[in-house]
Number of protein chains: 2
Amino acid sequence: MLLIGEKINSSRKQVATAILERDGAYIRNEAETQASAGAHFLDVNAGSFAEQEAECLTWLIDTVQEAVELPICVDSPNPSVIRSVLPHVRRPFMINSITLEPARLTSILPVAVDNGAKVIALCQDDGPMASTTEQKVSLAERLVQASEKHGLPLHDLYIDPLVYPLSADASSAMATLDAVEEIMARFPGVHTTCGLSNVSYGLPERKLVNRTFLTAALTRGLDSVMMDPTDRYLYASLKAGLLVAHRDDYCMEYITAYREKRL
Amino acid sequence: MLLIGEKINSSRKQVATAILERDGAYIRNEAETQASAGAHFLDVNAGSFAEQEAECLTWLIDTVQEAVELPICVDSPNPSVIRSVLPHVRRPFMINSITLEPARLTSILPVAVDNGAKVIALCQDDGPMASTTEQKVSLAERLVQASEKHGLPLHDLYIDPLVYPLSADASSAMATLDAVEEIMARFPGVHTTCGLSNVSYGLPERKLVNRTFLTAALTRGLDSVMMDPTDRYLYASLKAGLLVAHRDDYCMEYITAYREKRL
C-alpha cells in the first residue's frame, strides 16, 4: 500500500502562507512529520500561486528534499511547470497528474517516461465527468492504452477513478469502488489510487466519510492513497482496513500500529 | 437495514447476573436504551443457564416485552427451549438460529413457518467450518433449498455466512464479504446478516475491526446486523457505511444522525 502524504499543498492556508513567507521550518516540519507517520511519497503543490507556481514549487521541492529522504510527488496540472521544476527533483519521483486531455497527456507522459517517473492518471477527458463504473473503467482503459503507446510501464501507472461528492451524486462512492475492483482485475500490474476528501464535500463529519470510503476501497484492491498519514483515526482505519482486506499477514501491521499507540 | 440489538445476552456478565437475580429493571433498561438507539428487533439469550435456559428465557422475554413494543429475536440453539418459550412471545418475532445440522433444521424451521417468524440461518452443517466463499455460498444454497422445502418465504430468511476470527484465519473477512455479495446476487429476496464480534477475536482494539468489517459489508449488500446500537462509534460507522454504499438517498439518514449528535 503506497501512501502519498498530501499535506504540503498550497490549497491549505498555512502552507500557502509558509510559501509566501518562505517559511522553510514550517514546510520541513510538515515533511518530517508525514515521513515519520509512514508516508512513502510526499506530494508538493503550489497551484494557488498561478504565475509564480514554478518558482514556488521549486522552493517547496528544495525545502522538502533538504528535510527528508522521501521521494517527491510533483503536483501540477501544468506541463511547463512540471518541466521547469524537474532539474530540482531527486530520482525516483512521481507526477500528479495526467488526464486524457491531450495537452496534459501528450506533454507530461513523455516527461514521465524519460525520467522513469511514476504517474497518477485521472479518469477524466475533455467530456463531462465520468459518473458510472462503466465510464470510469472505459477512461482507465484509454489511460492504459496511452501509457503503453508512450512506453510507460504499467507498474508506474496509478489510476485514480475520481470519486465525486456524495452530497451531489449519492452513487459516486459505489461507482468508484466497483471501478477500482474492475481496473485491478482487468489491467494486471496497474495500480489504483484515490484522494479521499472529494467524497465527503458538503457533508458534516467529513473525516468519518473519508475513512469509511477508504476502508471499503481497500477491500476492493486499492493499493495507493493520497492522505494525511498523521491523522490518527484515518491511519487506524487504514490499518484495520488492510487487516479486513486480507492484506496484513499474521495481523502484523495492525498489531505494530497498536503497539505504536496509533490505533 | 435491519438492526438486531444484541445486548440482552447471558454471555454478558451483567445480563447473567440480572437474570439470576431477576433484576427486571436492569433488563428493561437494556431493552429501552436499545430501542431508542434504533434497534428493530431485540435478541434475547439465556444460553448460559443450561438446565434453566427455558425458564430464564421466558422471564427475559416477559420482561423485555413489558418494557418495549419491539419484536423479539429468540436466541437459542435448542429446539425444545424455543418451543417452550413460544407461548410467551408476541408476533411477529424472529428465531436465532438454525443451521444445516438436521436436529436444528428439521425441528426449528417448521416452528418458524407455523408462526410466520423470521429466521437467522447460519452457514454451518455437521462438517468442518466453511472458510472459503465457495463453501459459504454452497451452504447458503442448501439453506435456501431447505427453506423452500419447508415453506419458509425467502424474505423471512436471514443468512449469516459466519465470519471467523482474523487472528486465526486472515482470509475470513474477505471470504465473508464476497459471500454476502454472492448470496444477495444469487438468491433474490433473501437477506444476509452477521454478528460482528467474531471477526476481531484475539486482536487489540476489537471495536475498530468490527466497525471496519461492518462498513465493508454494507458496500456488499449486507442488509441486517446483530449489533449494539448504543455504541456510538459503531452506529456512526453504520450510517457512514450506508451513505458510502448508496443506501441513504439524499444523505438524509446520515444528516439526521449528525443532527442527533450520533456521528
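All values reported here derive from a predicted model rather than from experimental measurement. Naming convention: chains lettered A, B, ... in sequence-line order (proteins, then strands); numbering from 1 in each chain.
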| query | Between A:Tyr258 and chain B, which part of the residue has a heavy atom less than 4.5 Å away: side chain, backbone, both or neither? | reply |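 Contact with chain B is through the side chain of A:Tyr258 alone.
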Non-hydrogen atoms of chain A under 4.5 Å away: do they reach the side chain of [X], the backbone, both or neither?
| X | result |
| --- | --- |
| B:Leu203 | side chain |
| B:Leu177 | side chain |
| B:Ser171 | both |

| Distance (rounded to the nearest 0.5 Å) between A:Arg211 CZ and B:Thr212 OG1 |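 Output value for this atom pair is 9.5 Å.
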| Pairwise distance NZ(B:Lys261) to CD(A:Glu205) - rounded to 0.5 angstrom |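 Between atom NZ of B:Lys261 and atom CD of A:Glu205 there are 10.0 Å.
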| Are more than 12 heavy atoms from other residues, nucleotides or ligands located less than 6.0 Å from atom CD of A:Glu134? |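 12 or below, so no.
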| said: For B:Tyr233, I'd like to know if atom OH has over 12 heavy atoms of other residues, nucleotides or ligands within 6.0 Å. | reply: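 At most 12 heavy atoms, drawn from other residues, nucleotides or ligands, come within 6.0 Å of this atom.
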Closest non-hydrogen atom pair, [X] against [Y]:
| X | Y | value |
| --- | --- | --- |
| A:Ala173 | B:Val244 | CB-O, 3.4 Å |
| B:Met174 | A:Thr219 | CE-O, 3.3 Å |
| A:Cys251 | B:Ser167 | SG-CA, 4.1 Å |
| B:Tyr254 | A:Pro204 | OH-O, 2.9 Å |

Between [options], the one whose heavy-atom pairs under 4.5 Å with chain A are most numerous:
| options | answer |
| --- | --- |
| B:Ala245, B:Gly241, B:Ala168, B:Ala170 | B:Ala170 |
| B:Ile255, B:Leu166, B:Thr215 | B:Leu166 |
| B:Ala240, B:Ala175, B:Ser237 | B:Ala240 |

